[in-house]
Structure formats: structure tokens, C-alpha cells
Undergrad: 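Here it is, the structure in full.
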Amino acid sequence: MSDLDTTWDVIVAGGGNAGLCAAIEAAEAGCKVLILDVAPEFYRGGNSRHTRNFRCMHKGPLSVLTDTYGEEEYYKDLILVTKGKTDEDLARMTIVMSEGCLPWMEAHGVRFQPSLSGTLSLSRTNAFFLGGGKALVNAYYNTAEDLGVAVAYETEVIHVDVEEGRFTGLEIMRGGVQQRLEAKALVLASGGFQANIEWLADAWGPAARNFLIRGTPYNRGRVLRDMLDQGADSVGDPTQCHAVAIDGRAAKFDDGIVTRLDCVPFSIVVNKNGERFYDEGEDVWPKRYAIWGRLVAAQPEQVGFAIIDSKAVRDFMPSVFPPETADTLEGLADKMGIPANALRETVDAFNAACRPGVFKGGDLDGLSTEGLTPPKTNWARPITDPPFYGYSLRPGVTFTYLGLKVDRTARVSAGGARLENVWAAGEIMAGSILGEGYLAGFGMTIGTVFGRIAGQEAAAHVA
Amino acid sequence: MSLDMTPTEPQGAIAEARRQAEICNACRYCEGFCDVFPAMFRERAFSDGDITQLANLCHNCRGCFYSCQYTPPHDFALNIPAVLADVRAESWERHAWPGGFAELFQRQGVAIAGALVVGIAAIFLFMRAAGGGAGEGFYAFLSHAAMVAIFAPAFLFPFLVLTFGIRGYWAEVGGSPVRWSHFAEAGRRTANMTNLSGGQGQGCNFEKGDRYSQARRHAHQATMWGFLLCFASTSSATVLHYVFDMPAPYGLFSLPKLLGVPGGILLTLGSFGLVALKLKADPALGATARWGGEMAFVLLLGFTGLSGLMLYAATGTTAVGWLLALHLGAVLTLFLLTPYSKMAHGAYRFAALVRDAQVRS
């Protein structure tokens, strides 16, 4: 037996940012709304719990945002990271609507703070949540509760019944009991599949089993797979995920922001054979961290080791776990499980290739190696001053790109025809706009814009 | 401080707080709530003194806990409000003399209740032994000379203990000579309870879980200003007595009454308000082992205010005698327990705010 009513105006599958925005919009339009979240209450909110900001267009200073950030510049930033893999119409609509979303967010309980220490480069483009994404999630749940939205935690959608282009009901699993729910409209906001290791391994190859998942273990893609199996139109590269290099000691799931490592540009990075494999100093870290997940993923056993000496230890944000430390390179190699003679050879060759010059941690300083392959083109200083420090690196998956194709009204389609009463918002459809790469804070923008549209459209359908 | 600082041996709350602060330092999402996080993020490694200073800056608003991705059941198991509450209370115990008293009264509500009974009994005994006689009003029950004989040492002794405690604290956190501007900044933050504002004036997360509320900030303001007004009332009476030769009793439109009556009302309402809020809040986010001592202390504060008001209301009746004993007993107990109870937090918190102003300037 279940405590849930079986008929609703709108059911929202997934209780993260996008789902909450949809639920709030639909409830404000007078609908009887139910949110289903597979996670227990503590882990509610999906990956929104781990987020920290919202990328927002603005024509003048807006809330905590300084200066201006116009549509063209925003769109150019998006083109840069996606290498053009976007839908221009949807992307521009998202960008333009983001400006109206920020006051809406504030009106629904979200609080912003000036950009965090160490993130000044984002103060113009990204509005940071006071307390981070979990505070945003809490605020939205409180707002939803005040609007009478019902929430069922630990409740998994196992099948969406779609008949002749129309959603007719949901099969859910709750407390070990399967049950059918019906609603006039359905909003799918249940995220990607990045926590589904089997699916990742199918898509990427067996190396994916060594990847760490930065976010919630609950984004297993069950709804996405169910919809794709029923012929829903998809978008995004099914084999790709967004991965960054994170601290190799992080837990398999859910360690979030704190396991990022900012030491790479000031280090040399070797693989488990003690060999370098890429230019660590190619660009400033905010522009390069995203490629290192992929670089490390291509190394044996999907692991890398960043090595620095005592000169560099204060040049980056503190790490959550202390680095391995030794007074000699050989000692450090032993502690980290790298062949000591190989590391010694790599470091000696690197040191010999370093050239005199002025080190400037904050800028491209042109302090490059000479005659070394691969080169290190900035911040190359000999690694000579004990103690030596080492961090292990592993690929940390943030999200997957495969998703449901939607139109400007967030409507899901199958075989090119719009489903009558199914909408999608958030990570489950983000591949429509973000075909490759990532732009900080843009996931929350997509989720908020499409969550609101989906909620409004679903409510209009119900009315 | 240096990164290769040899870790001190495990020492309970401080070591646990250091573990948690190092995780916070890699996240920083909570930077906007209060003064604790900006102070934390100035460091890369934390000495014991750093942790003690952070703990005394923390006002237990709990905003960080409810916003945190890493609270239990996450493996990082962060609970910054609780661990800092433990470190904070331990620091007051460490700097109190004799330390055993602080451990007893901070942890055992029963001990505070017992102290109150002893305090009231002592006043009764004094009344019986010394008597009143010649004076008017209260002095008919306990002479002015007897009151001074009791309360001058009962004020000075805790004051001295607390002063030495703060000196010890200042040395522990590495404080340097203080300028007026540091006092002024700390005073401003105290007067506004800035650290219970949630960073944006929305209040803190206390009795309503992850919803913000102003209730605790308001109740604390009432308690603090109420106490200070009562203290000012007594001080003004002392000045009137000795400087202007105007002994008690005073009429309603005298300085002691104009300060004392609103002060007593604020103190009473504020304290019982704090009691009600404390009953609703999650005890796991505070100093769990000291919940009883804290609760008894707030009740003692409220009782002190209430008994004072009742005493004033009973002016001219036969109840004045025993109400005076209750009130003076409560005041006596409150004063004597100051270095050994939650009351000490006022002094240490202010010192922490002065130190923070110093570091920021």
C-alpha cells in the first residue's frame, strides 16, 4: 500500500533544480503537483546540491553581478567551449531568458553572494548561491512545500507509459512496492546517466570503470533509457561524458567540488610509468581543467600523478586531502607507486629543459621548457627544492551529453512528432544546447530556464 | 604556520575541527554566511590557536550546516556548528580558574540549579544574621553595608577570573596589541549580532531547520540588551548612592528604574524565548554534552530577570522579603558562575571579534 494519491495534474520526475523550478511554476498556476525523487531526503536535489553558481546574461549590474554580460558575449563563450556543437536558437533563447530568471530565483527564496574567494574571474558572469547549491535546493523545497507541492523521496520511476504520442501513466517503485500513478502532464527532470557505471562502460569502454563520479550516485539514467527505448528523439553524443581531473583519492561518488585540484599548471604530471604526457602549462587552469579528465583517462589504469616541490605548494587553492610528501623524489615515487628511476629521469630531463625567467603564478608567464617533448609552455620551474609533494589524479565525471531532444517549449518528441503531454528540463535535455565542453554555471541556467518553461507549459496543458 | 607543520597529537574536538576546516577550505561555498569562513579561508593550515579563534567567532547560526553537501551520512561527516561549539566550550574551560568548576557548571544543569539554591539560602542566612534594621526599602531586609560586603567580592572575583581567562585566550590565538578601531568594529558586530544575520539579514537556521528565522537573533538581542540595561541600572544606582548621596529606594522616573525595568522585561522575555527556541532546535548541532548546562544557565538568566520584576511589582507588600532573597540569590549565583558557565561566552566572543577585526585590518 502506498501513501501517495494516484492521480495528479503534473508529475515531475526528479527533484533537482530543473524539477523544482517546473514544480513551482506549475503549482503557482494552480496545479496539483507531485515531485518524485529516487534519492532519500538527505541526498535530494541531484547534482544541484553540488553546484555553486548561475551564469546569467545582464545588461547592467544585477544583484551580485557586476558590469554587463551581453547576449553576444555569452553566446561567444558558449561557442568557444562547445566548438559550435549547440542549437543556436535554443542557446540564444536560454541566454536571453537567464536575465529574467535571476530575479525569479530571488523571489523564490534563492540567495546570492558575491563571487567566492579564488573565483574573481567569474564575478561578472556568474551569480554564486549563498551556501552553494544545497541552499538553493533547500530554498526551492521550502517554496514548493508552501505552494502545496507533494514530494515523494526514495521513489523511482521505472517506466513511463506512452501510448500514441501521449503519456498515460507512470510505473513507480516505492518502499519495495510497484505502483501506477497518473497525471495530465509529465515533466522529466531526472538528469543524465553518469552514475550508471555499466552504461558508461558500454559507451566509453572498460576504462570508464576506473572513473570517479563527482556527483550524486542516483543519476542512473533509468528514465532517459526508458524514453529512448520507446523511440524518444535524442540529442548529444551517446559515448561522451564531461570529465575533469580530480584528486585520485576521492570516493567513487558524490565528493563534489572539494576534490578538484588546481596544482596541475605548477606541476609536472606523469603517468604510472613515470612519464609526462601533455603540456601542463598550456593555459590558465580555468581554461584547461576540463581537458585533463580526458588526458588522464587515456593513461594506463586511468591515473596520473602531479609532482611539485616546495616552491609551488602555495600557488594554488588548498586541497581537501593533504598531498603525499617526501624529502627525496625517490621517496615520493615509492609512496605514490611510480618507478623511482623513471620519475628521476623525467624530472632531470624536465629540470634541464627549464630556462631562467620570472615566474608569475597568476598569468601566462611564458616560462617555457626548451627542447622537451611534450613541452611545458608556462610556469616551468625546476623541481629541485625538497620536500616534494605529489597528488594522484583520476578522471572525475561531471555529467553525460546524451539526452532527450526538446523544442523551445521544452516539449519532448518521438519520431519527429511532439508528445502531447511530456516536457523535459535540466541535464536530461542539456545536450540540446551543450553538445561538448562545459561553461561554468551554464547547467543551472539550462535547468532553470527549461524547468520554468516546462512547468508553465505543463500547467497550460492541464488548464 | 607552514604546511609541513607536524600534526599535534590527537586531541579530540580541536583535531576534529581541524579535519573539518580543511574540507571547508577546499569548498568555500559558505563564505557569505558569517565571519568564520573568511577567517578560515585566510589560512592554509590551522594551529590549535587558529581553531580556537574560529570556534569563538562562530555564533552557532547553523547556516553552514543546512547548506552543506558533506554533512552525515556523507563520509566527510561535517558538522561545523557542533564541533566548533565543543572547541569553544573547551576553550572556556581551559582558561577558567579553577578549571574543574567550568567543566562542572558547563555540563551539569543540576549543578547550576544546586548553586542557585545555595545562593538563595546564603542570602536568607545573611538576612537573618546581619539583618536590615535602619534602612528603607530593601535595606530594611539587608543593610547596604551587608549587600556591598557580599556583592563587591562576588563581582570582583569572577571579573578577575574572566580577565585572566581572556588574557590566556589572547595569548593562545596570537593576538597583538589592540587599537580602538578593533574595539569599535567588534562592538558594531556585537550590537548588530552580525554573525546571526545569515550574512544578508535573513537570520539563522535554528528552530526551523533549513528555513531561516530571526527569532534567535531577536531573543538574543533582548537578552543581551536586557542584561546590559540591568547592569547599567545597578551601576547608576551605585553612582547615585556614592557620588550624589541618593540611596535607594528610587522612584519609577529615576535612572536605575528607567534602565532596570525595561532591562528586566527584555532579559526575562529574551531568556525564556531562548529557552523555547533551544527546545525546538536540533541538539546535535550544538555542544551536545553541555546542553543541560546551557539550558540551566539561560533559565537562571531568565529567573534573575523575572525575580527582579516580581520584586519591583511587590513593592510595599510583605512578599518583598522572600522575593529579595530569591532575586539577590539569583544575581549572586549568576555573578559567581560567570567564568564557569555559558555566561563566559560574552567575553570570549567579544575577544574573538576584536581579534578578527585585528586580522582583517
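Chain naming here is simple, since letters A, B, ... match the order of the sequence lines and numbering starts at 1 in each.
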Undergrad: Going by side chain to side chain donor-acceptor pair (under 3.5 Å), name the residues that satisfy it together with His345(B), two or more places apart in sequence or in a different chain.
TA: none
Undergrad: Hey, is the main chain of Gly256(A) close enough, under 3.5 Å, to the side chain of Thr259(A) for a donor-acceptor pair?
TA: yes
Undergrad: Are side-chain heavy atoms of Leu329(A) and Asp309(A) found at a separation under 4.5 Å?
TA: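 No, their side chains stay 4.5 Å or more apart.
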Undergrad: Strictly less than 4.5 Å between heavy atoms, which residues of residues 77-89 of chain B line up against chain A? Please order them by number.
TA: none
Undergrad: Can you say whether Pro38(B) sits under 4.5 Å from chain A via the side chain, the backbone, both, or neither, judging by heavy atoms?
TA: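 Contact with chain A involves no heavy atom of Pro38(B) at all.
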Undergrad: Checking Asn142(A) side chain against Asn138(A) main chain: does a donor-acceptor pair fall under 3.5 Å?
TA: yes
Undergrad: Do the non-hydrogen side-chain atoms of Arg28(B) and Met317(A) ever get within less than 4.5 Å of each other?
TA: yes
Undergrad: Which atoms of Cys27(B) are under 4.5 Å from chain A, going by heavy atoms: the side chain, the backbone, both sets, or neither?
TA: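 For Cys27(B), heavy atoms of backbone and side chain both lie under 4.5 Å from chain A.
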Undergrad: Check whether Arg111(A) reaches the backbone of Ala139(A) with its side chain - one donor and one acceptor, N or O, closer than 3.5 Å.
TA: no
Undergrad: Measure distances from Thr51(A) to the heavy atoms of chain B and classify the residue's part below 4.5 Å as side chain, backbone, both or neither.
TA: backbone
Undergrad: Classify the ring geometry of Phe266(A) against Phe316(A): parallel below 30°, tilted from 30° to 60°, perpendicular beyond 60°.
TA: parallel
Undergrad: Contact part of Tyr43(A) toward chain B, heavy-atom cut-off under 4.5 Å: side chain, backbone, both or neither?
TA: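 Interface part for Tyr43(A): side chain.
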Undergrad: Under 4.5 Å, heavy atom to heavy atom, which residues of residues 188-199 of chain B contact chain A?
TA: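 So the qualifying residues are Gly198(B).
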Undergrad: Flag the pair Trp292(A) / Tyr289(A) as yes when their ring centroid distance falls below 6.0 Å, and as no otherwise.
TA: no
Undergrad: Quick one: do Asn219(A) and Thr216(A) satisfy side-chain hydrogen bond (donor to acceptor under 3.5 Å, both in side chains)? Show the steps, please.
TA: CA-CA 6 Å; Asn219(A) 278 15; Thr216(A) 174; 4.9 Å; no
Undergrad: Please flag which part of Asp255(A) lies under 4.5 Å from any non-hydrogen atom of chain B: side chain, backbone, both or neither.
TA: both
Undergrad: Count the heavy atoms of every other residue, nucleotide or ligand shown that sit under 6.0 Å from NZ of Lys311(A), and state whether that count exceeds 12.
TA: yes
Undergrad: When you measure from the side chain of Arg124(A) to the backbone N and O of Thr66(A), does any donor-acceptor pair fall under 3.5 Å?
TA: no
Undergrad: Passes side-chain contact (heavy atoms from CB on, under 4.5 Å), Leu269(B) versus Thr223(B)? Steps please.
TA: CA-CA 7 Å; Leu269(B) 291 178; Thr223(B) 308; over 6 Å; no
Undergrad: Using a cut-off of under 4.5 Å for heavy-atom pairs, which of Asp254(A), Val320(A), Ile257(A) has the most such pairs with chain B?
TA: Ile257(A)
Undergrad: Just by distance, do the side chain of Tyr438(A) and the backbone of Gly443(A) share a donor-acceptor pair under 3.5 Å?
TA: yes
Undergrad: Would the number of heavy atoms belonging to other residues, nucleotides or ligands and lying under 6.0 Å from CH2 of Trp291(B) be above 12?
TA: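 Correct, the count exceeds 12.
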Undergrad: Between Tyr29(B) and Phe37(B), is the ring centre distance below 6.0 Å?
TA: no
Undergrad: Can you tell me which portion of Phe128(A) sits under 4.5 Å from chain B's heavy atoms? Options are side chain, backbone, both or neither.
TA: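 Neither; nothing under 4.5 Å.
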Undergrad: Do the ring planes of Tyr70(B) and His50(A) sit parallel (below 30°), tilted (30 to 60°) or perpendicular (above 60°)?
TA: tilted
Undergrad: Is it true that Phe54(A) and Phe129(A) have ring centroids separated by less than 6.0 Å?
TA: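 No - the distance between ring centres of Phe54(A) and Phe129(A) does not fall below the 6.0 Å cut-off.
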Undergrad: Need one label for Cys68(B): side chain, backbone, both or neither, based on atoms under 4.5 Å from any heavy atom in chain A.
TA: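 Backbone only.
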Undergrad: Taking 4.5 Å as the heavy-atom cut-off, does anything in residues 203-217 of chain B contact chain A, and if so which residues?
TA: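 Expected list: Asp210(B), Arg211(B), Tyr212(B).
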